[in-house]
Colleague: 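Can you keep this structure in mind? I'll have questions shortly.
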Amino acid sequence: MKQLSFALLIFALSSTFNVFAQSPAKDQGLLEQALTLRDQGKYDQAFDLFSLMRMQYPDSSLLSRAVYDSALCLLYDNRPLDAAFQFQQVISHYPSSVEAGHALKMNAILYRLYLAQPADRKVYAPDPAFSAYIADLDDPSGLSIDNNGRIYLSDKGKKSVYTFDASGKMVGNTAAVSPYSVSVANDGRVLVANDSTVLALGGDHLSFPRIDASSGQRKGFLEEIRSAAVNGNGQYFLVSNKEKGLAVYDSNKTPLLRPSIGKLEEFSKVAINSRGQIHVMDKRGELIRIYGPDGKALFTIQRTGKELNYGKLEDFAVDPANHIYALTDNPRGVLIFSPAGKFLKFLASDKKGALIFEDARVITVGPTGSIYVVDKDTKRIIKLG
Amino acid sequence: MKYSILLLLMALFAGPTGAQELQPPGQGPQETEIPEEALLQTWTKLFQDAEAVFNSENQPQSIPLFQDLVNRINEEKNKRKLMDPEQSLFLRSLDYLGQGFYLEGQQDESRDTFLRMIEIDPNYRMNEELVSSKIIDFVARIKADNLATVSVTSVPPGAAVKIDGVEVGITDLTSVYSMKGTHEVEVNRSGYHPQKQTVTLNPGKIEKVAFVLERSSSVAYFVTYPKGVEILMAGKSLGFTGGEPSQRSQTAATEQNLPAAEFSGEFPIPDLQPGVYEIEFRKPCWETPNRKITIAVNDDYYFTPIVLEASEAYISITADDPQANIFIDNEYKGLAPKQSLQLCPGKHLVKLKGPFGKFEKQVDLKKGQTLSVNAKLNPSLSFLGVVSFSALAKTQLERYRQETIKQLEGLLTLNIQDNSKAPDQAAIDEIVQELAISLEDGLPNESRLERIQQLSSKVESDLLLFGLIPEKAEERTVDYYLLSTWSTQADVRRIQSGNADQWKLFRSQLDYEHRLFEKRLGVNAIDTAITRGPVIAKLSLKTYQETQPLMVGDVITAIEDRPVKTTDELLAAALELQSAESVRLSVSRSGAPITIPVQMMKSAMELDPTSPSLLFNRELASFKKSAGLDKTSAQERSIAQLNIALCHIRLKEYEKALEQLQQIQLQRAVGIGQGTILYRMAMAQRALGRIQEARKSLAEALQSTQNTLGSDDGVSLAIEAERLQRTLSGS
């Protein structure tokens, strides 16, 4: 009898017992449910589900991600300080996770923008360890940086795309027909807007069909491409000097109709942030419009005539926490805005301020919030912070 | 006569009665009596009956009764030497029997009986006050016809004398009665050759026997202070000193101003041949000197009295549990605290046992030392072994078992009990296996709790640990289940055999005890990828002076000159500085180094129910103890109950959590307070699906606007409660 019951016991256990992978599908399901809510802007409910996941599946291998994503909820909900504490939980509780590394970088950005004393010049002081000099710099047209700190600079005049390592040492130089801008996609590809094509650095030249505005029919290929970006779904967002509005394509380069995105405006640059929000700068350098991933207009950054007053926007960049950095010529410096478009601070490039550039045309922001600008006068990339 | 018999009977009964008192319950007296005692009891009863008849009107009827008794005793006497009480009963019986015959006119039988009595003990005296003078004269005449007197002397005196093998005294003996006829007289004294002489005695005559003893060996004599000293020679115990103090003892006592009564009598060490001997004197709690003696020629040696010096040590014991029972070397000493318990110097095992834990420490006391032991009673963790449901070799399981025992050694806050080799291990294994299956659903189960408590009671431990070889996992891994007597759920940790880092982490988690209160720096810091240390992100408590403020954005680089690189290092360092009144924080402000004095503030502490590094059953043991101690303040008890509730929340035991929370009244306006309790109640109510109740709790919680979560310098309750309110509205 005892043997029989023990045999049954073994059978029951062998068929159902699994300690750590407690319903793996369930914790994965809960995570996805929470992410969906977050993408829908239901941050409280998403955060609640992430918290529930931590309680329900304390041994889940997905927890570091859940806590990190719950911190993003707070960030997207415009609670940067709460987000910083939540990122800290990732760092303390899951120190060896990939997310802990990301959290440290996120907190670096939040520290620079929200915690550092206004008088603290060190936060955006030029990094003496970084040195990137381009002897024959001619017409810098685009600057971008990937997750590893590798920097890409396009020079329209020299028809080149330069690559620098994290210390500023030039490690590559790729010829391009007419490189108007460079950007790094989520999948790691470096895209160069190369007039009639988009050059994937180290890869193919991509051509995109043009849709005739009046007939709605395909007609040749998009020309005079000035800026290109790719979102998390692989969709392409292109700015053409010959077309108004923003041209959008799916991952197969099939045109998508996005009538709401600046149909009547002429843009010079497009960028996609980590939430898939679309940022476009108008050709005259007066404003930056931000649209949701669905194309819905969210807000616009433009002169207010009061605290926010500038001559022209030269370029803009978005950091991993979705803050917006706009390079201005008059006054010379960098305007920084929250992900919701709230003005946060202005870093002036003058003798009193921290910045030391004279003729900057392009800007990008690194993973920890360091600002990179290319100063045509000194033929250098300057790393601030 | 009656009086003497009564005394005899009292003496006879004293033995068996005493023996009964020492018997364990449930055992009858006959189970432990030896046959001689049983016989003596029977004979005594027969004697009492016969004596009663002798003293009644039916006196003649006592004769057969005494005859029967005399025969019985005589029969036994032929088999063995009688004990003193038996001998005495025998003589008394012959005494009565002889009187009986005499009173019935049977003088021949009477003479034979009395003669037999005299033969057995020539010195036996009848009670002349109770026995008729005729009988006394009759017996005297028998003695005169049959007894002679012998005197035995020796040079030197003090030799034991035996006549026909029966000890009769110590020389010099002036007069000893003996039966007429030929006898062998033997003398014996330590250190002398024994001697014998044969003498022929004539009735009514005195025979003198003299011996001159010849030396054969030496005798060493010792007296000790105090009595009861064990004397050893060549490591062999010769016995313990005792007896009445000798003259030498009296002299030594006077000379050394010590109580004479505590000196021993002479302790002889006989049969010593010339040579050197080392003698040891041992008595617990006394200095134990050795003495080297030299025997030159055979003689009696009276050595200087051995005066031992008292050697004492003291131990004072306090405990964090007033219900702790103290045991020293497994001897109960009473409830803690105890001041200056006197002990012998040397190693002792100090144990304290209380309802919430145990304490065990080996101490080594030096002479005159007073050791203070502040016992923190730790919960016991019983390791039940490693089980497997697959066909794993026993040797492998044994290897895992041994590894576990080795790795758990040296835990600081738990008493490890190894029950993995208990005699009823098979039964324990079976329960463990049942529990392992039952725990698989991850849900609370009250019937499981009964099983856990049953097991817990069996091994007398509130915390249980067992290992299970997982079915689907990489090789050489064991899942360790930690259970407690208060929860139906387990904490589980997977450890790869031989992985030192994993074991280190597990040990630290087992040792960790969440504090109910902590001194806090009052800052909330974050780590970043670009700063040398943690950055102050929020100032929650005013722990600094207005003139030297801390500021948001300050980068903390050191605390009390101890460098810190991360927030966790900062918190750990602050924990180690709990006894400090104030600490110095080194910060970098806009790149400039500054030192800020900080007065740390005591804060109530909640454990983080989402923490992956806590073992919640382990923490329950600590909190249960804190909540249950008599000396715990109402506030401490409330914080302990709050943390018990948080453990239950993590373990999905929401009803248990609510039960705890509903008992708490924590009127603290700032920090952890009643608002915190209500928020936690809302969490539990929500998990139970009682949304309306949860909303009500949250609404009440929001009235305590300055309450926090986590710690007094933790997250704002208002923000979290509002968020949860919004979520509940959404749901």
Side-chain angles (χ1 to χ4, degrees), chain A residues 2 5-6 9-10 12-14 16-23 42-45 47-48 51-52 54-56 58-59 63 67 79 81-82 84-85 87-89 91-95 101 103-112 114-117 119-123 125 367-370 385, chain B residues 389-390 430 433-434 436-437 439-442 468 470-473 479 481 491-494 524-531 534-538 551-555 566-568 571 588-591 608-613 649-650 652 683 687 715 719 722-728 730-731:
Chain A
K2 193 174 171 183
S5 65
F6 189 63
L9 200 71
I10 291 172
L13 196 76
S14 58
T16 60
F17 195 77
N18 191 335
V19 177
F20 282 88
Q22 286 181 23
S23 309
K42 295 175 180 174
Y43 302 122
D44 286 336
Q45 286 161 278
F47 187 88
D48 195 54
S51 302
L52 193 66
R54 294 174 74 181
M55 302 285 265
Q56 293 278 342
D59 302 313
L63 281 191
V67 182
R79 294 166 59 186
L81 193 59
D82 293 335
F85 291 131
F87 283 129
Q88 183 59 40
Q89 290 223 6
I91 297 161
S92 290
H93 288 337
Y94 312 99
L104 280 167
K105 291 174 183 171
M106 283 296 202
N107 272 355
I109 294 171
L110 298 176
Y111 160 65
R112 291 182 203 268
Y114 300 98
L115 302 176
Q117 293 293 313
D120 188 353
R121 291 185 173 192
K122 276 197 76 178
V123 175
T368 64
S370 302
Chain B
F389 289 98
S390 57
E430 200 162 333
Q433 285 160 343
E434 278 178 36
I437 290 175
L439 284 161
E440 195 267 334
D441 64 9
L468 177 74
E471 280 288 298
K472 294 171 187 173
D479 288 337
Y481 285 67
D491 293 287
V492 187
R493 294 290 183 271
R494 176 164 291 179
N524 302 97
I526 60 163
D527 298 330
T528 82
I530 58 168
T531 48
V535 177
I536 296 178
K538 187 179 167 192
M551 296 176 79
V552 167
D554 284 350
V555 178
T566 65
T567 302
D568 287 347
L571 292 175
S588 170
R589 180 173 300 161
S590 302
D608 176 2
T610 66
S611 171
S613 57
I649 285 175
R650 166 59 176 259
K652 301 175 192 166
M683 280 178 71
V715 181
I719 291 173
E722 280 169 5
R723 188 190 59 73
L724 189 54
Q725 260 191 338
R726 288 196 300 273
T727 307
L728 291 182
S731 65

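As the structure is a prediction and not an experimental result, all values here were calculated from the model.
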Colleague: Between B:D527 (side chain only) and B:T567 (backbone N and O only), is there a donor and an acceptor less than 3.5 Å apart?
Modeller: yes

Colleague: Do you know which of A:V67, A:V123, A:N107 has the most heavy-atom pairs under 4.5 Å to chain B?
Modeller: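 Max contact count across the listed options: A:N107.
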
Colleague: Is it the side chain or the backbone of B:V552 that comes within 4.5 Å of chain A heavy atoms, both, or neither?
Modeller: both

Colleague: Considering only heavy atoms and a distance below 4.5 Å, find which of B:S590, B:G553, B:P609 pairs most often with chain A.
Modeller: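 Ranked by contacts with chain A, first place is B:S590.
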
Colleague: Looking at chain B, which one of A:R79, A:Q88, A:K42 has the largest number of heavy-atom pairs inside 4.5 Å, strictly under?
Modeller: A:Q88

Colleague: Examine whether an atom of B:A687 lies under 4.5 Å from a heavy atom of chain A, and if so say whether it belongs to the side chain, the backbone or both; otherwise answer neither.
Modeller: neither

Colleague: Would a 4.5 Å heavy-atom cut-off, applied to side chains only, mark A:T368 and A:R112 as touching?
Modeller: yes

Colleague: Heavy-atom pairs under 4.5 Å with chain A are the metric here; pick the option from B:D568, B:I719, B:L724 that has the most.
Modeller: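 With the most close heavy-atom pairs to chain A, the winner is B:D568.
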
Colleague: Does a side-chain heavy-atom distance below 4.5 Å link B:D608 with A:Q89?
Modeller: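 Sidechains of A:Q89 and B:D608: in contact.
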
Colleague: Hey, are the side chains of A:L81 and A:Y114 touching, using non-hydrogen atoms and a 4.5 Å cut-off?
Modeller: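 Not in contact.
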
Colleague: Counting only heavy atoms closer than 4.5 Å, note whether B:D554 contacts chain A via side chain, backbone, both or neither.
Modeller: neither

Colleague: Tell me which of these, B:T610, B:I526, B:N524, B:V715, has more heavy-atom pairs under 4.5 Å with chain A than the rest.
Modeller: B:I526

Colleague: Would you please name every residue forming a side-chain hydrogen bond (donor to acceptor under 3.5 Å, both in side chains) with B:S611, sequence neighbours left out?
Modeller: B:S613

Colleague: List the residues meeting side chain to side chain contact (heavy atoms under 4.5 Å, CB included) with A:P95, not counting sequence neighbours, and say none if there are none.
Modeller: none

